[in-house]
Amino acid sequence: MASLIQVRDLLALQGRMEAAQLSQVLHTPRALVDAMLERLEAMGKAQRIQQDADGCLSGSCKSCPEGKACLKEWWALR
């Protein structure tokens, strides 16, 4: 299991990552990684970055009927 410090260090090394990537690299369940990222965000150490996927042709992903499926959520240190 990964620790909060390992998540922070990996974000520092990689710059930004998705929660699924962190989970895979650290061999830690996604739910635990999500909880640790939310804790880092509450502490002011990490920030959530939402970005439209490259495949969005209309540019209006936030009101997309697909339920924002094309939005990517990245995490980075502050």
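None of the values given here were measured: they were computed from a predicted structure. Computation of the quantities below employed the complete heavy-atom set of this structure, encompassing side-chain atoms and omitting hydrogens, waters and symmetry-equivalent molecules.
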Notebook entry, point to check: Are Gln47 and Ile49 close enough that some pair of their side-chain heavy atoms sits under 4.5 Å apart?
Noted result: yes
Legend entry - Gln21 side-chain N/O to Glu18 backbone N/O, donor-acceptor pair under 3.5 Å: yes
Test side-chain contact (heavy atoms from CB on, under 4.5 Å), reference Leu10, set Gln6, Gln14, Arg8, output is Gln14
Arg48 meets the side-chain hydrogen bond (donor to acceptor under 3.5 Å, both in side chains) criterion, sequence neighbours left out, with Glu41, Glu73
side-chain contact (heavy atoms from CB on, under 4.5 Å) filter on Gln24, not counting sequence neighbours, yields none
With sequence neighbours left out, the residues meeting side-chain contact (heavy atoms from CB on, under 4.5 Å) with Arg16 are Gln51, Trp74, Ala76
In this structure, CG of Leu11 is separated from CZ of Arg78 (nearest 0.5 Å) by 13.0 Å
Sorted by chain and residue number, the side-chain contact (heavy atoms from CB on, under 4.5 Å) partners of Thr28 (sequence neighbours excluded) come out as Met1, Ala2, Leu26, Leu32, Val33, Met36
Residues 23-36 vs salt bridge (charged side-chain N to carboxylate O under 4.0 Å, His left out), sequence neighbours excluded, gives Arg30-Asp34
Nearest heavy-atom approach of Pro29 to Ser23 is C-OG, 3.8 Å
Closest non-hydrogen contact found for Trp75 with Ala19 is CD1-N, 4.2 Å
Residues at least two apart in sequence or cross-chain that pass side-chain contact (heavy atoms from CB on, under 4.5 Å) with Leu13, listed by chain then number, are none
The reported gap from CG in Leu40 to CG in Leu4 (rounded to nearest 0.5 angstrom) is 4.0 Å
Applying salt bridge (Lys or Arg N to Asp or Glu O under 4.0 Å) to Asp9 and not counting sequence neighbours gives none
